[in-house]
Amino acid sequence: MTKGTATELEHLSDGELQALLAPDLLPHHIAIIMDGNGRWAAQRGLPRMAGHTEGIKSVRDMIDLCRDLGIKALTIYAFSQENWKRPAAEINALMLLLERYLQMELEALIEKETRFRAIGRVTTLPESALAWVRKVERETAHFDRLNLTVALSYGGRSEIVDAVRRLAEDVHAGTVTPDRIDEDLLEGYLSTHGLPDPDLLIRTSGETRISNFLLWQLAYTEMYFTPTLWPDFRRHDALLALHDYQRRERRFGQTRDQLSDHPDERVGKRSA
Ligand code: IPE
Ligand code: IPE
Ligand code: MG
């Protein structure tokens with residue numbers, strides 16, 4: 001169990017923070033809404049793209065931390081369906097940055113035995129960005145040390161609509177009967193199929209909303225909101241988030257008394 005108050009922990013080194021984490025109470029899956037790049041740049045009198053570019057370093061930190069801690073799944077929100085409403089110049093620059101990131105990072109992802117997958121309506125991405133997405137997916141498909149899922153042109157409601165449409169097609173084709181439809185079956189049609197639900201959601205930049213991210217999957221996720229802007233959110237901040245997570249009592253509808261019969265399930269998995 002994590003020790004010390006939040007302010008005491010802040011002064012510890014990364015190594016100390018890491019050593020104090022309870023290995024059996026780590027999340028299996030972390031989801032992140034990477035927000036605040038524009039404000040980070042504005043604070044420095046820089047163009048918004050400078051914030052997006054700097055944010056890539058935070059992504060690298062999260063990948064390395066998950067790998068070091070043995071956390072098997074990391075899902076990051078990089079571009080929402082709603083982000084298509086931004087000025088064309090920013091969208092184009094973001095798409096180029098995505099392409100550049102994938103080119104730059106492919107070797108490192110392979111070296112880190114990280115499987116890359118994109119979720120969202122990726123076919124709406126520019127052709128050259130989509131080609132890189134597919135290439136990196138293909139070339140890392142055999143790894144499973146860390147599952148990195150990047151949400152691109154992603155919307156939680158559309159994901160559910162797409163799942164329901166495919167399910168309806170199967171009902172129409174006669175391969176599924178309506179009485180077989182339950183949560184597990186529907187889950188199988190979602191783009192995150194095969195990943196456990198996120199245990200921890202982190203959103204940076206002080207906003208306390210979900211912004212259409214993983215609406216189905218976040219049903220019982222622990223939420224961590226921090227004012228830190230994404231380009232400033234590094235290993236130290238993530239370790240503090242993990243300590244905060246380890247203080248939580250995940251009850252999944254049960255009472256505290258029921259849980260105290262099984263104290264090691266405190267931040268445990270959802271029971272059936
Ligand atoms: C998050 O940073 C990155 C994307 C949404 C692509 P923002 O660009 O939303 O940064 P702020 O919220 O304007 O500071
Ligand atoms: C959410 O951030 C999407 C991503 C981080 C990619 P936004 O900055 O677009 O969210 P809203 O619109 O302020 O809620
Ligand atoms: Mg934002």
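Quick note: residue numbers are just sequence positions, from 1. As the structure lists them, so they are numbered: ligands from 1, and atoms in each ligand from 1.
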Measure the acute angle between the ring planes of Tyr154 and Phe213, then classify it against the limits of 30° and 60° as parallel, tilted or perpendicular.
perpendicular
Side-chain donor-acceptor pair present, Gln217, Glu159, cut-off under 3.5 Å = yes
Partner of Trp230 under side chain to side chain contact (heavy atoms under 4.5 Å, CB included), picked from Glu54, His52, Met34, is Met34
Under 4.0 Å between heavy atoms, the region of Lys85 that gets near ligand 2 turns out to be neither
Ligand 2 atoms nearer than 4.0 angstrom to some heavy atom of Ser211 are 10 (O), 11 (P), 14 (O)
Note: ligand 2 atoms sitting under 4.0 Å from heavy atoms of Phe79 are 6 (C)
Of Arg86, Glu82, Arg39, Met34, the one whose closest heavy atom lies nearest atom 5 (C) of ligand 1 is Arg86
Return yes or no for this condition: an N or O of Gly38 is under 3.5 Å from an N or O of ligand 1.
yes
Arg86 NZ/CZ over Trp84 ring centroid, <6.0 Å and within 45° of normal: no
With heavy atoms and a 4.0 Å threshold, my read on which part of Gln81 contacts ligand 2 is neither
Under 4.0 Å from one or more heavy atoms of Ile33, ligand 2 contributes atoms 5 (C)
Margin query: Within the 3.5 Å criterion, strictly below it, is a donor on Asp14 or His236 matched to an acceptor on the partner's side chain?
Written below: yes
Give a yes or no on whether atom 11 (P) of ligand 2 lies under 4.0 Å from any heavy atom of the protein.
yes
(message) We want to know whether Thr124 and Ser153 form a side-chain donor-acceptor pair, criterion being a heavy-atom distance below 3.5 angstrom.
(response) yes
Closest heavy-atom approach to atom 7 (P) of ligand 1 among Leu98, Leu97, Asp35 is made by Asp35
Atom 2 (O) of ligand 1: closest protein heavy atom, distance to 0.1 Å, is Asn37 N, 3.2 Å
If we number the atoms of ligand 1 from 1 as shown, the ones under 4.0 Å from a heavy atom of Arg48 are 7 (P), 8 (O), 10 (O), 13 (O)
Within 4.0 Å of some non-hydrogen atom of Asn83, the atoms of ligand 2 are 3 (C), 6 (C), 9 (O)
* Distance-only side-chain donor-acceptor flag, Arg203 / Ser211, under 3.5 Å -> yes
With a cut-off of 2.8 Å, does any N, O or S atom of Asp35 fall short of it relative to the Mg ion (ligand 3)? yes
Quick look: Ser80 vs ligand 1, heavy-atom contacts under 4.0 Å, and the answer is neither
The atoms of ligand 2 lying under 4.0 Å from a heavy atom of Arg209, numbered in the order shown, are 11 (P), 13 (O), 14 (O)
Close approach, Gly36 and ligand 1, non-hydrogen under 4.0 angstrom: yes
Smallest heavy-atom separation, Arg39 atom then Ser205 atom, equals NH2-OG, 3.0 Å
- prompt: Do any nitrogen or oxygen atoms of Trp40 lie less than 3.5 angstrom from nitrogen or oxygen atoms of ligand 1?
  reply: no
Closest to atom 6 (C) of ligand 1 among protein heavy atoms sits Ala78 O, 3.4 Å
Residues, nucleotides or ligands: over 12 heavy atoms within 6.0 Å of His172 NE2: no
Test side chain to side chain donor-acceptor pair (under 3.5 Å), reference Arg235, set Asp68, Asp61, Asp64, output is Asp68
Are Leu214 and Val122 connected into the same hydrophobic cluster when the rule is that any two of I, L, V, M, F, W, Y join if their side-chain heavy atoms are below 4.5 Å apart?
no
With a 4.0 Å cut-off on heavy atoms, does Glu207 reach ligand 1? no
Closest non-hydrogen atoms of Leu185 and Asp182, given as atom of the first, atom of the second and distance, are N-OD1, 2.9 Å
